[in-house]
Amino acid sequence: MTTTDSTDTPDTAGTTRKHTALPKARILIEALPWLTRHHGKTVVIKFGGNAMVDDELKAAFAQDVVFLHHAGLRPVVVHGGGPQISAQLDRMGLTSEFKAGLRVTTPEAMDVVRMVLAGQVQRELVGLLNEHGPLAVGMTGEDAHTMTATKHYAEIGGERVDIGRVGEITAIDTGAVQALLDDGRIPVISSVARSADDADAHGVFNVNADTAAAALAAALGAETLMVLTDVEGLYEDWPHSDEVISRLTASELEELLPDLASGMVPKMQGCLHAVRNGVTTARVIDGRVQHSILLEIFTDEGIGTMVVPDEAVSGPEGKQ
Ligand SMILES: Nc1ncnc2c1ncn2[C@@H]1O[C@H](COP(=O)(O)OP(=O)(O)O)[C@@H](O)[C@H]1O
Ligand SMILES: CC(=O)N[C@@H](CCC(=O)OP(=O)(O)O)C(=O)O
């Protein structure tokens, strides 16, 4: 007999199937307590411009966010796009200057920031998410007064420095985001805020995307703030060592903050703000690792750096 139907070779086929199926089943079972724990909870995911490395990663990001949605969580995406803004400014013959980690934003640069974030990066992410169904809705912080800001001055060497149209968030109205979540949608938000000043009624501000995501996570009462970037997490002695700090309390982070540099400053300040204002955990994870969001949320180990409130208690298997 030449047929290879498995009913003819029950032992061999059965054993092989058992061997390949068991690890997969274990992964699903490992996810069970985490699925239970996170069900119905809001998670704000910040996708940094430096983590948007290639099309495959961006597609995997979209799959992860849609997975969270179908697993019963309420994901909200806040995206960056620093490198994409710098590239566009460069193409237009304009320079990019950063002070204290923030872009010096002239009125001309502000137009480019808004165009790239809302018209390019956000559109691409919305498109990728909507390949999985009519889920994602893009908006900026200007929409429905979601984010209101006043002018932010950088503190450099004890001096107050004017860095143009950079905003400091003064108010968040979560109404539109909550309505979208209640309607089963995934909000995708660009970090541009409206001006609080009546005399500047049509004015907009450029807000660092880490800061915007943290402020929104706190205002939404999110369970988790997850910041995807281009490093494994917070390195203990950057740039001399790549030892990642896996867990920090808010007080421990507060002590570390004055020693931090560049892009990590708004990220870790944001994490601290989030956990001090009701968010259960803030995590910085490596966005260059495919499916890092799923690994962080649904497996026992977790990856990256996790910041917890001082009074935090551990979750299943010690992870939060
Ligand atoms: N202690 C630290 N640990 C890890 N990265 C650090 C640290 N201090 C500064 N950095 C820098 O911060 C960068 C991440 O911030 P940023 O470039 O703003 O990324 P994103 O676009 O994801 O917001 C890292 O690539 C690294 O160069
Ligand atoms: C004020 C300020 O610096 N705004 C940022 C906004 C984008 C951002 O934060 O993008 P990443 O998350 O990719 O860094 C900027 O203009 O680059």
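Each ligand, and each atom within it, is numbered from 1 in the order the structure gives. Because only heavy atoms are used, hydrogens play no part in the values below, and waters and symmetry mates are left out as well, while side chains stay in.
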If you apply the rule side chain to side chain contact (heavy atoms under 4.5 Å, CB included), what do you find for V113 with M110, and how did you get there? CA-CA 5 Å; V113 169; M110 186 64 237; 4.2 Å; yes

Taking only Lys NZ, Arg NE, NH1 and NH2, and the carboxylate oxygens of Asp or Glu, determine whether E97 and R103 approach each other closer than 4.0 Å.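 The answer is no: the pair does not qualify as a salt bridge.
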
Just list the side-chain donor-acceptor pairs under 3.5 Å for residues 215-232, sequence neighbours left out, or say none.
residue : atom : partner : partner atom : Å
E223    : OE1  : H38     : ND1          : 2.6
E232    : OE1  : Y235    : OH           : 3.0

Under a heavy-atom criterion of less than 4.0 Å, does [X] contact ligand 1?
X	answer
E236	no
G49	yes
A261	yes
E232	no
G233	yes

Looking only at protein heavy atoms, identify the closest one to [atom] and say how far it is in Å.
atom	answer
atom 11 (C) of ligand 1	S262 OG, 3.6 Å
atom 18 (O) of ligand 1	G263 CA, 3.4 Å
atom 3 (N) of ligand 1	Y235 N, 2.9 Å
atom 16 (P) of ligand 1	N50 ND2, 3.7 Å
atom 23 (O) of ligand 1	K267 NZ, 2.5 Å
atom 24 (C) of ligand 1	D230 OD1, 3.5 Å
atom 6 (C) of ligand 1	M264 CG, 3.1 Å
atom 8 (N) of ligand 1	W238 CE3, 3.2 Å

Measure across [X] and [Y] and return the closest heavy-atom pair with its distance rounded to 0.1 Å.
X	Y	result
A212	V78	CB-CG1, 4.3 Å
D200	S195	OD2-OG, 3.0 Å
G138	R123	CA-NH2, 3.7 Å

Do the non-hydrogen side-chain atoms of [X] and [Y] ever get within less than 4.5 Å of each other?
X	Y	answer
R276	P309	no
L234	L260	yes
D286	S292	no
I186	V65	yes

What pairs of donor and acceptor atoms, side-chain ones from residues 51-61 against any protein atom, are under 3.5 angstrom apart with sequence neighbours left out?
residue : atom : partner : partner atom : Å
D54     : OD1  : E56     : N            : 3.2
D54     : OD1  : L57     : N            : 2.8
E56     : OE2  : Q290    : NE2          : 3.0
K58     : NZ   : E124    : OE1          : 3.3
K58     : NZ   : E124    : OE2          : 3.1

Backbone, side chain, both or neither: what part of V231 comes under 4.0 angstrom of ligand 1, heavy atoms only?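 V231 to ligand 1: side-chain contact only, backbone stays beyond 4.0 Å.
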
Is the contact between E243 and ligand 1 made by the side chain, the backbone, both, or neither, using heavy atoms and a 4.0 Å cut-off?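 Near ligand 1, E243 shows nothing, with every heavy atom at 4.0 Å or more.
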
Using a strict cut-off of 4.0 Å, indicate which atoms of ligand 1 neighbour a heavy atom of G48.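 By the 4.0 Å cutoff, the relevant atoms are 22 (O).
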
Using a strict 4.0 Å cut-off to heavy atoms of T229, name the atoms of ligand 1 that fall inside it.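 Counting atoms of ligand 1 from 1, those under 4.0 Å from T229 are 14 (C), 19 (O), 20 (P), 22 (O).
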
How long is the span from the CD1 atom in I85 to the CG atom in N206, to the nearest 0.5 Å?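 So the CD1 of I85 and the CG of N206 are separated by 6.0 Å.
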
Single hit among V112, T106, V116 for side chain to side chain contact (heavy atoms under 4.5 Å, CB included) with L89: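 Among V112, T106, V116, the one meeting side chain to side chain contact (heavy atoms under 4.5 Å, CB included) with L89 is V112.
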
Return a table of donor-acceptor pairs under 3.5 angstrom between the side chains of residues 167-175 and protein atoms on other chains or two or more places apart.
residue : atom : partner : partner atom : Å
E168    : OE1  : H152    : ND1          : 2.5
T170    : OG1  : T148    : O            : 3.3
D173    : OD1  : G175    : N            : 2.8

One line per pair, note the atom names and distance for all nitrogen or oxygen contacts under 3.5 Å between ligand 2 and the protein.
residue  : atom   : partner : partner atom : Å
ligand 2 : 3 (O)  : R103    : N            : 2.9
ligand 2 : 4 (N)  : N206    : OD1          : 3.0
ligand 2 : 4 (N)  : N206    : ND2          : 3.4
ligand 2 : 9 (O)  : A209    : N            : 3.0
ligand 2 : 10 (O) : G81     : N            : 3.0
ligand 2 : 10 (O) : G82     : N            : 3.1
ligand 2 : 12 (O) : K46     : NZ           : 2.5
ligand 2 : 13 (O) : G49     : N            : 2.7
ligand 2 : 13 (O) : G81     : N            : 3.1
ligand 2 : 13 (O) : G82     : N            : 3.0
ligand 2 : 16 (O) : R103    : NE           : 2.7
ligand 2 : 16 (O) : N206    : ND2          : 2.9
ligand 2 : 17 (O) : R103    : NE           : 3.4
ligand 2 : 17 (O) : R103    : NH2          : 2.9

